[in-house]
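A short worksheet on the structure shown next.
Predicted model, so just to flag it, every value in this text is computed and none were measured.
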Amino acid sequence: MIIEQLLTAMIGVGKWLLHNQRNVLEFSLVVASIFTHVLEARQNIWSKILAFPIAFMNIYVYSVRRLYGKVVYSIIFIFFNLYAYLRWKGTTHRKPVKVSRTSYKVFLSITGMSILGGMVWRFVVGRYFNISSYGDDCYLAFGFMDKWLMSHKKLERWMIALFRYIVFSLACYQKGAIMLSIHYLILSCIGVYGQIKWYLSYKTMKAS
């Protein structure tokens, strides 16, 4: 009985995915994103490589969903990710970056710039394009702060990411993108996992 119910559910999910090409693309994006975030939590350099095709998928998927803050963020993220790849991998003149803490002065500075940038973005798109969404705007505003912290492997990165994932999950839900909303709830759980893994790495480095 249980096996039959499981097969029925799997068939139902398969039909739902095949019913719309957008569903297939969103499902593929969700799976790839979850896998990449797990690698990132484990500080695996492949997370930076896989993030490139995911960013291009994001541009299409979220433009269809009219979450344009995410679209703009995804475009700029491509350059951020290249910088992060070089920092994580290291070069002939610079060692690979290690997990560290951010000074309060720097943290407050980039927080202030993120809030200011988010206010400017909300004013522009809200006044001239009427497409503003609080969750989408917040995700974009703190996205650059998140990626700067990620690029430098700052321990505070996962706290910002956790906040962004929860907020954007609500934004996706408001747009009717239930699968994407669940996706960001899963990423929130990965954010907790990432915070633990990076903290342990930081403690090990401090002890050595």
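Residues Glu156 and Arg101 are in side-chain contact: their nearest non-hydrogen atoms beyond the backbone lie under 4.5 Å apart.
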| message | ring-ring contact (aromatic ring centres under 6.0 Å, His included), that's the test. Do His37 and Tyr184 meet it? Break it down for me. | response | CA-CA 11 Å; His37 277 79; Tyr184 279 91; 7.9 Å; no

| request: Decide side chain to side chain contact (heavy atoms under 4.5 Å, CB included) for Lys154 and Trp148; before the verdict, give the C-alpha distance in whole Å, the side-chain angles of both, and the deciding distance to 0.1 Å. | output: CA-CA 8 Å; Lys154 297 298 184 180; Trp148 186 90; 4.2 Å; yes

| query | Does the pair Lys48 and Met150 meet the rule for a side chain to side chain contact (heavy atoms under 4.5 Å, CB included), with working shown? | reply | CA-CA 11 Å; Lys48 304 298 105 199; Met150 178 273 293; 3.3 Å; yes

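By the neighbour-count criterion of 12 heavy atoms within 6.0 Å, atom CZ of Phe79 is sparsely surrounded, having that number or fewer from other residues, nucleotides or ligands.
The residue from Asn58, Leu140, Ile75 that alone fulfils the side chain to side chain contact (heavy atoms under 4.5 Å, CB included) condition with Lys70 is Asn58.
Aromatic ring centroids of Phe168 and His183 lie 6.0 Å or more apart.
Under the ring-ring contact (aromatic ring centres under 6.0 Å, His included) criterion, Phe77 pairs with Tyr73, sequence neighbours left out.
To the nearest 0.5 angstrom, Asp146 atom CG is 4.5 Å from Arg164 atom CZ. Between Trp46 atom CH2 and Leu50 atom CG the span is 6.5 Å, to the nearest 0.5 Å. Distance check, rounded to the nearest 0.5 Å: OH of Tyr173 to OG of Ser181 gives 8.0 Å.
The two atoms that bring Ser74 and Ala55 nearest to each other are CB-O, 3.8 Å, heavy atoms only.
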Under 3.5 Å, which donor-acceptor pairs do the side chains of residues 103-113 form with other protein atoms, sequence neighbours left out?
unit_1: Ser103; atom_1: OG; unit_2: Val106; atom_2: N; d: 3.3
unit_1: Ser109; atom_1: OG; unit_2: Lys105; atom_2: O; d: 2.8
unit_1: Thr111; atom_1: OG1; unit_2: Phe107; atom_2: O; d: 2.7

